[in-house]
Amino acid sequence: ACFFTVCSVLRILVVMSTAELHERNELGEASIQQGSRELLLEGDIVLPRTRNALVCANNNCFWKNADFCNKTCIRFVDRSTEIDYLIFSLSSQVLLFSGRTGGKQVVSLSTRGCVYHGIVQHELNHALGFYHEHTRSDRDSYVTINWQNIDPTMQYNFNKENTNNLNTPYDYSSVMHYGKTAFTINGLNTITPIPDASVQIGQRVDLSVIDIQRINTLYNC
């Protein structure tokens, strides 16, 4: 199958042996705790020390022939001898690197409700090298960030980034976009679309048309 169902994760450049699954269950929390000491970007991304797939001087930060099989050229397969690969870990929080970092790369999925179709697609898009849509470099022309309504401890999730937008339009319907009340401290909107505040933003259903276009552009499909 090409997609994810509730409580199932696709085959994905990962060793699924009983021994390694047991090791991951035992070491998953330790890995996440170690990862939490890294610089977190946008809440669920560990910032690579040297590179990411959107601002990349060479192709070393791209995954080789990897993605969502019906709509892009990316293919996730069982790992055999690949040096660089993804490995899934269930934990109390979501955490992963953006773009290919080299070697074993953990995709941590929260046991508090993150293991379903749209969320897994969202996190795998991070692994492919994409940031959140509302943090892209031209976001101020499309949304207003209402800092006064954001939990102060979570404001870093809304910092604008230096992104390569791949000549694609801003996408309110991207699986990478936060919803209007993300990390609100008072129930009011933290993100307001402009000029039309009634526009719907943020979804975790499926890759949008522009999400697919970006993947195919980034990976030269």
Side-chain angles (χ1 to χ4, degrees), residues 39-68 70-74 86 94-101 105 107 118-147 150 154-183 189-221:
L39 176 60
L40 279 180
L41 183 70
E42 301 178 17
D44 58 353
I45 311 170
V46 178
L47 185 66
R49 292 179 177 85
T50 59
R51 58 187 179 270
N52 66 70
L54 285 185
V55 180
C56 184
N58 52 48
N59 288 331
N60 289 339
C61 50
F62 295 167
W63 286 93
K64 294 179 175 64
N65 193 29
D67 177 6
F68 309 97
N70 283 344
K71 299 178 180 179
T72 74
C73 65
I74 302 297
L86 301 178
V94 177
L95 189 70
L96 79 161
F97 288 86
S98 179
R100 182 169 65 89
T101 60
Q105 185 168 333
V107 177
I119 292 293
V120 177
Q121 285 191 331
H122 177 100
E123 299 307 330
L124 287 178
N125 252 21
H126 282 319
L128 291 175
F130 294 95
Y131 293 126
H132 293 130
E133 186 72 0
H134 65 280
T135 68
R136 59 183 266 170
S137 57
D138 61 351
R139 64 98 182 275
D140 292 333
S141 297
Y142 303 95
V143 296
T144 297
I145 304 300
N146 305 307
W147 297 100
I150 302 172
M154 297 296 176
Q155 289 187 351
Y156 62 90
N157 290 285
F158 300 82
N159 292 336
K160 186 165 57 177
E161 305 298 339
N162 177 26
T163 57
N164 173 4
N165 300 319
L166 302 170
N167 294 316
T168 59
Y170 191 90
D171 186 12
Y172 295 116
S173 64
S174 172
V175 77
M176 304 306 290
H177 207 303
Y178 275 8
K180 291 182 178 179
T181 59
F183 295 109
N189 286 356
T190 56
I191 306 175
T192 302
I194 53 177
D196 184 358
S198 67
V199 170
Q200 296 300 307
I201 62 174
Q203 55 87 15
R204 296 296 180 270
V205 177
D206 204 349
L207 295 171
S208 72
V209 170
I210 297 176
D211 285 332
I212 295 167
Q213 178 184 348
R214 286 178 188 149
I215 294 170
N216 287 331
T217 299
L218 186 62
Y219 283 86
N220 298 315
C221 295

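We count residues from 1, following the sequence as given.
In this structure, the side chains of His132 and Glu161 stay at 4.5 Å or more apart for every pair of heavy atoms. With a 4.5 Å cut-off on side-chain heavy atoms, Ile191 and Thr144 do not count as touching. For the pair Thr217/Arg214, no side-chain contact is recorded, criterion being any heavy-atom separation below 4.5 Å from C-beta on. Between Val175 and Gln203 there is a side-chain heavy-atom pair separated by less than 4.5 Å. Residues Asn157 and Thr135 fail the side-chain proximity criterion, which asks for heavy atoms closer than 4.5 Å. Between Leu86 and Leu124, some side-chain heavy-atom pair lies under the 4.5 Å cut-off.
Atom CG of Asp171 and atom CG of Leu207 lie 10.5 Å apart (nearest 0.5 Å). Atom CD1 of Ile194 is separated from atom OG of Ser141 by 7.0 Å, given to the nearest 0.5 angstrom. Annotation: the span from Ile210 atom CD1 to Leu166 atom CG amounts to 11.5 Å, rounded to 0.5 Å. The NE2 atom of His122 lies 8.5 Å from the OG atom of Ser174; values are rounded to the nearest 0.5 Å. Atom CG of residue Asn216 and atom CG of residue Asp211 lie 11.0 Å apart, to the nearest 0.5 angstrom.
Side chain of Lys180 to backbone of Val199: a donor-acceptor contact under 3.5 angstrom is found. Under the 3.5 Å distance criterion, the side-chain polar atoms of Thr72 are left unmatched by any main-chain donor or acceptor of Ile212. Not a single donor-acceptor pair under 3.5 Å links the side chain of Tyr142 to the backbone N or O of Tyr172. The closest donor-acceptor contact from the side chain of Arg139 to the backbone of His134 lies under 3.5 Å. In terms of modelled atom types and a separation under 3.5 Å, the side chain of Asn146 and the main chain of Asn189 share a donor-acceptor contact.
Residues Arg136 and Thr168 come closest through the heavy atom pair NH2-O, 3.0 Å. Closest approach of Ser208 to Ser173, counting heavy atoms only: CB-O, 3.6 Å. Minimum interatomic distance between Asn165 and Ser137 (heavy atoms only, all atoms of both residues): ND2-OG, 3.0 Å.
Around the CD atom of Gln200, the shell of radius 6.0 Å holds no more than 12 heavy atoms that belong to other residues, nucleotides or ligands. Within a 6.0 Å sphere centred on CG of Asp196, heavy atoms belonging to other residues, nucleotides or ligands number more than 12.
Relative orientation of the Tyr178 and Phe158 rings is perpendicular, given thresholds of 30° and 60° on the angle between their planes.
Taking the side chain to side chain donor-acceptor pair (under 3.5 Å) definition, one finds that Tyr170 meets it with His177, sequence neighbours left out.
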